[in-house]
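Worksheet: the structure to be examined is printed underneath.
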Amino acid sequence: MILHRKMIPLVTSKHLRETMRASQYLITTKKDSPADAEVISHKLMLRAGMIRKVASGLYSWMPLGLRVFRKVESIVREEMDRSGALEMLMPVVQPADLWAESGRWGQFGPELLRIKDRHDREFCLGPTHEEVITDIIRNEISSYKQLPANFYQIQTKFRDERRPRFGVMRTREFCMKDAYSFHSNAASLQETYDIMHATYSTIFERAGLIFRAVLADTGSIGGSHSHEFHVLAESGEDAIVFSSEGDYAANIEKAAALAPEGAAPSPQLELTEIATPGVHTIADLCQFLDVEPAETLKSLIISAEDDSGKTQLYGLMLRGDHELNEVKAQEVLGLTSKISFATEKQIKEALKCSPGSIGPTNLGLPLVVDSSAAVLSDFACGANHDGYHFTGANWQRDTGDYMVADIRNVVAGDASPDGRGILEIKRGIEVGHIFQLGTKYSEAMNATVLDENGKQQFMSMGCYGIGVSRIVAAAIEQNNDENGIIWPESIAPFQVAIVPINMHKSDSVKQTCETLYTQLTESGYEVLFMDEAKARLGGMLADVELIGIPHRIVVGDRGLEAGTLEYRHRRDSENQHIALNDIVNFIKEHAFKNS
RNA sequence: CGGGGCGUAGCGCAGCCUGGUAGCGCACUACACUGGGGGUGUAGUGGUCGCAGGUUCAAAUCCUGCCGUCCCGACCA
């Protein structure tokens with residue numbers, strides 16, 4: 001790009017680009033969506049010309065898309081400011097030393113993009129900013145009197161995702177609002193946490209999203225108490241769980257499965273080994289024995305590093321119809337490192353049999369039994385002997401010592417942990433996450449203040465994230481039809497579109513449009529004027545609908561002869577005829593004004 | 001990282017099996033007609049067929065390796 005070296009002598013308004021005229025804008029809509037787009041928001045964002053891919057997980061925001069992005073950003077900024085948080089801006093590139101201090105340089109894994117500068121010093125691209133902010137605050141704040149304090153930024157993050165997907169929904173480079181609060185006591189942290197909870201709710205409401213706050217696992221960020229904010233959508237990557245009667249809502253990672261009441265019935269059958277050639281899965285076994293999955297036992301072998309860094313295998317036992325919850329299992333086993341399924345090779349070496357024939361009898365590994373599986377009796381399971389299974393297996397009589405715990409994912413229909421109704425499962429897109437970190441980072445990085453008694457104490461911390469770019473995609477997932485996007489008014493790139501018919505032939509159409517454009521613009525609306533002289537009606541309407549502009553005014557000679565214009569909301573299927581003199585007031589009554 | 005698919009014009013695709021001329025639709029340019037829901041016609045622009053080797057007189061096509069990319073599984077705003 002060449003910068004103009006000469007001063008431009010005089011710029012009159014006539015020469016300024018009128019950026020809301022289609023003829024001066026860049027509208028790059030497409031009929032076909034690129035073959036690699038899978039979810040609706042990705043397809044529509046590409047078709048509407050909002051974003052363009054640069055590489056996997058890296059997107060450019062085109063002028064149209066950026067307008068929406070900025071709207072979301074403004075809502076987030078306004079509400080954060082209103083909450084009392086202070087905006088600042090930290091660097092994307094962060095020194096390795098800080099990450100070494102918190103211990104995360106080693107923990108974070110390949111998601112952290114590590115780079116070296118010309119002096120061979122190590123840095124990373126910031127995936128989050130706990131280290132940087134804690135470093136700043138430990139130097140800047142030294143008294144409890146300066147607390148609580150909450151700082152935020154809206155900034156580009158980089159996470160080298162193993163699998164970027166769904167367009168702007170899961171990218172490697174993305175925009176996040178991240179906030180970090182500091183406190184001298186737990187009550188103060190809880191107070192700010194509650195304020196952030198309320199602030200987030202306001203933000204997502206203002207953005208026109210249907211969302212739910214749910215209990216969440218804290219993951220690699222660490223900390224204790226945590227909520228996620230999910231936009232409800234079929235394409236969501238997370239399963240979220242609701243109580244049918246009460247307020248309980250949680251991510252499935254976190255949702256507790258209540259232990260069944262009572263103990264396992266006494267054994268009735270003898271333990272019998274039977275040949276089960278070709279039976280490897282629960283489905284195979286059920287068909288072979290003609291039993292239900294809930295009468296069988298699913299045996300999983302997982303592999304994890306213990307505290308000394310040694311790889312250890314564990315046997316996890318679930319009812320045949322249940323699925324392992326890895327977060328719970330990791331917690332139950334008291335492991336700090338992530339667990340993974342043992343490979344076929346590991347299993348064969350340790351157990352001398354294949355994954356399809358494992359069972360709890362004489363397994364020789366630490367055993368955790370899910371509480372639903374622990375009340376089974378006379379069940380079918382693998383015999384730890386290739387090609388054989390047991391029937392009539394029973395706990396204690398046929399197994400060694402084991403631990404009983406909740407290690408499964410809840411399923412729809414389970415009793416709600418709050419005792420009110422049953423659980424339902426829906427899909428959600430995580431757009432926000434708030435955590436109470438406690439003193440995890442302040443202890444690691446020695447961030448202290450003096451308290452009332454002049455004693456040093458570690459600050460408590462909270463952190464609060466919102467995926468700004470992800471909100472744009474989530475809004476589309478929730479608001480679209482076969483013709484394209486239907487923007488919530490508060491984040492629409494333009495509120496109103498003016499579509500002329502045969503403007504190049506009709507002075508009255510042209511004049512009416514120009515006047516209307518000026519009036520609406522001066523009234524504070526963002527108006528997209530489809531002013532290209534020879535554009536065809538069909539194409540313009542298709543574009544306006546694809547782009548998702550909420551209010552559309554069509555101006556044609558036919559209407560003008562009767563003194564009317566045609567108005568249609570993006571969600572309507574019929575036109576309304578509005579008198580020419582009333583149209584500005586009509587828009588004022590019906591359209592959202594951005595400023 | 002494991003499993004699978006795909007790389008041919010800006011986008012969507014055909015051609016590959018059976019080696020020999022690179023093709024279609026959309027978009028784009030020009031002109032004409034048309035003009036109330038992606039119109040019609042004529043004439044055009046645009047591709048080292050992902051990259052590198054190999055086989056062959058000859059490779060988009062066959063072989064090998066690499067790269068990119070997407071989807072499905074384990075992570076996260």
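So that the names make sense, note that chain A is the first sequence line, chain B the second, and so on, each numbered from 1. Since the structure is predicted, the reported quantities are computational estimates derived from the model, not experimental observations.
- Across the strands present, B:rG73 finds its partner in B:rC1; the criterion is a Watson-Crick or G-U wobble pair with both atom distances under 3.5 angstrom.
- The aromatic rings of A:Y193 and A:Y464 lie tilted to each other, with the angle between the two planes from 30° to 60°.
- Within 3.5 Å, no donor on the side chain of A:R536 pairs with an acceptor on the base of B:rG38, nor the reverse.
- Base pairing of B:rU42: its partner is B:rA30, meeting the Watson-Crick or G-U wobble criterion (both donor-acceptor distances under 3.5 Å).
- Nucleotides B:rU29 and B:rG7 are separated by 29 Å at their C1' atoms, to the nearest Å.
- In this structure, A:R170 atom CZ and B:rA74 atom P are separated by 12 Å, rounded to whole Å.
- Closest contact between the side chain of A:V554 and the listed nucleotides B:rG36, B:rG38, B:rG12 involves B:rG36.
- In this structure, A:R568 reaches the bases: a heavy-atom distance under 4.0 Å links it to at least one base atom across the strands shown.
- In this structure, the side chain of A:Y59 does not engage the main chain of A:V54 through any donor-acceptor pair within 3.5 Å.
- Using a 4.0 Å heavy-atom distance criterion, A:D178 is classed as making no nucleic acid contact.
- Using a 4.0 Å heavy-atom distance criterion, A:G49 is classed as making no nucleic acid contact.
- Judged by distance alone with a 3.5 Å cut-off, no donor-acceptor contact links the side chain of A:R163 to the base of B:rC71.
- Looking at the side chain of A:D543, the nearest of the listed nucleotides B:rC75, B:rG35, B:rG38 is B:rG38.
- A:S33 comes within contact range of the sugar-phosphate backbone alone, with a heavy-atom separation under 4.0 Å but no base atom that close.
- Position along RNA chain B of the nearest nucleotide to A:K534 versus A:G432 favours A:K534 as the more 5'-ward residue.
- Nucleic acid contact for A:M503: none, since no nucleic acid atom lies under 4.0 Å from a heavy atom of the residue.
- Atoms CG (A:L300) and P (B:rA74) sit 12 Å apart, rounded to a whole Å.
- Separating the NZ atom of A:K43 from the C1' atom of B:rG12 is a distance of 13 Å, rounded to the nearest angstrom.
- Atom CZ of A:F211 is separated from atom C1' of B:rA77 by 16 Å (rounded to the nearest Å).
- Checked by distance alone, A:K505 brings a side-chain donor or acceptor within 3.5 Å of a matching partner on the base of B:rG35.
- In the set B:rC71, B:rG12, B:rA77, B:rA77 carries the atom at the smallest distance from any side-chain atom of A:F435.
- Among the heavy atoms of the strands lying under 4.0 Å from A:T171 is at least one base atom, whether or not backbone atoms are also near.
- Regarding contacts with the backbone of B:rC70, a side-chain N or O of A:K53 is found under 4.0 angstrom from either OP1 or OP2.
- For A:D32 and B:rC13, a side-chain-to-base donor-acceptor distance below 3.5 Å is absent, hydrogens and geometry of angles not being considered.
- Within 4.0 Å (heavy atoms only), A:E228 reaches no atom of the nucleic acid at all.
- Between A:M45 atom CE and B:rC11 atom C1' the separation is 18 Å, expressed in whole Å.
- Ring planes of A:F229 and A:F211: tilted class, angle from 30 to 60°.
- At the heavy-atom level, A:Y464 lies nowhere under 4.0 Å from the strands shown.
- Taking the C1' atom of each, B:rU64 and B:rC28 are spaced 40 Å apart, rounded to whole Å.
- Taking atom P in both B:rG73 and B:rG46, the straight-line distance is 45 Å, to the nearest Å.
- One finds no salt bridge joining A:D32 and A:R47 here, because no Lys/Arg side-chain nitrogen approaches an Asp/Glu carboxylate oxygen to under 4.0 Å.
- Each of B:rC71, B:rA77, B:rG36 was ranked by its minimum atom distance to the side chain of A:L537; first place goes to B:rG36.
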Dump the intermediate steps for side-chain contact (heavy atoms from CB on, under 4.5 Å) on A:K510 and A:E514, then the final yes or no. CA-CA 6 Å; A:K510 186 170 170 55; A:E514 290 288 351; 4.0 Å; yes

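- Atom pair A:F341:CZ and B:rG73:C1' shows a separation of 10 Å (rounding to whole Å applied).
- Distances were taken from every side-chain heavy atom of A:H504 (C-beta onward) to each of B:rG35, B:rA77, B:rG37; the shortest belongs to B:rG35.
- No hydrogens or angles were tested; on distance alone, nothing pairs the side chain of A:R558 with the base of B:rG35 as donor and acceptor under 3.5 Å.
- For the P atoms, the distance linking B:rU40 with B:rG53 amounts to 46 Å, nearest Å.
- Picking from B:rC26, B:rG12, B:rC1 the nucleotide with the shortest atom distance to the side chain of A:R162 gives B:rC1.
- Checking B:rG37 for Watson-Crick or G-U wobble geometry (two distances, each under 3.5 Å) identifies no partner in any strand.
- Close to B:rC70, at under 4.0 Å from its OP1 or OP2, lies a side-chain N or O of A:S56.
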Worked check of side-chain contact (heavy atoms from CB on, under 4.5 Å) between A:T512 and A:L580: CA-CA 9 Å; A:T512 305; A:L580 184 53; 3.5 Å; yes

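- By the 30° and 60° cut-offs, the orientation of the rings of A:W99 relative to A:F108 is perpendicular.
- Looking at heavy-atom distances under 4.0 Å, A:A542 makes contact with a base.
- Taking atom CD of A:E430 as the reference point, atom C1' of B:rC75 lies 11 Å away to the nearest angstrom.
- Atom CG in A:D36 sits roughly 11 Å away from atom C1' in B:rC11 (whole-Å rounding).
- Distances shown here put a side-chain N or O of A:R165 below 4.0 Å from the OP1 or OP2 atom of B:rC72.
- Nucleotides B:rC62 and B:rA43, compared at atom C1', are 40 Å apart to the nearest Å.
- Along RNA chain B, the nucleotide nearest to A:R47 and the one nearest to A:S469 differ in position, and the one closer to the 5' end is contacted by A:R47.
- Within 3.5 Å, no donor on the side chain of A:E545 pairs with an acceptor on the base of B:rG38, nor the reverse.
- Taking atom C1' on both nucleotides, B:rG15 is separated from B:rG25 by 15 Å, rounded to a whole Å.
- Remark: B:rU64 base-pairs with B:rA52; criterion is Watson-Crick or G-U wobble with both hydrogen-bond distances under 3.5 Å.
- One P atom belongs to B:rU48, the other to B:rG5, and the distance between them is 29 Å to the nearest Å.
- In this structure the side chain of A:E79 reaches within 4.5 angstrom of the side chain of A:R206, judged on heavy atoms.
- Looking at heavy-atom distances under 4.0 Å, A:G539 makes contact with a base.
- Across every strand in view, B:rC57 sits in a pair with B:rG20 that passes the Watson-Crick or G-U test at under 3.5 angstrom.
- In this structure a side-chain-to-backbone donor-acceptor pair under 3.5 Å is missing from A:K177 to A:E73.
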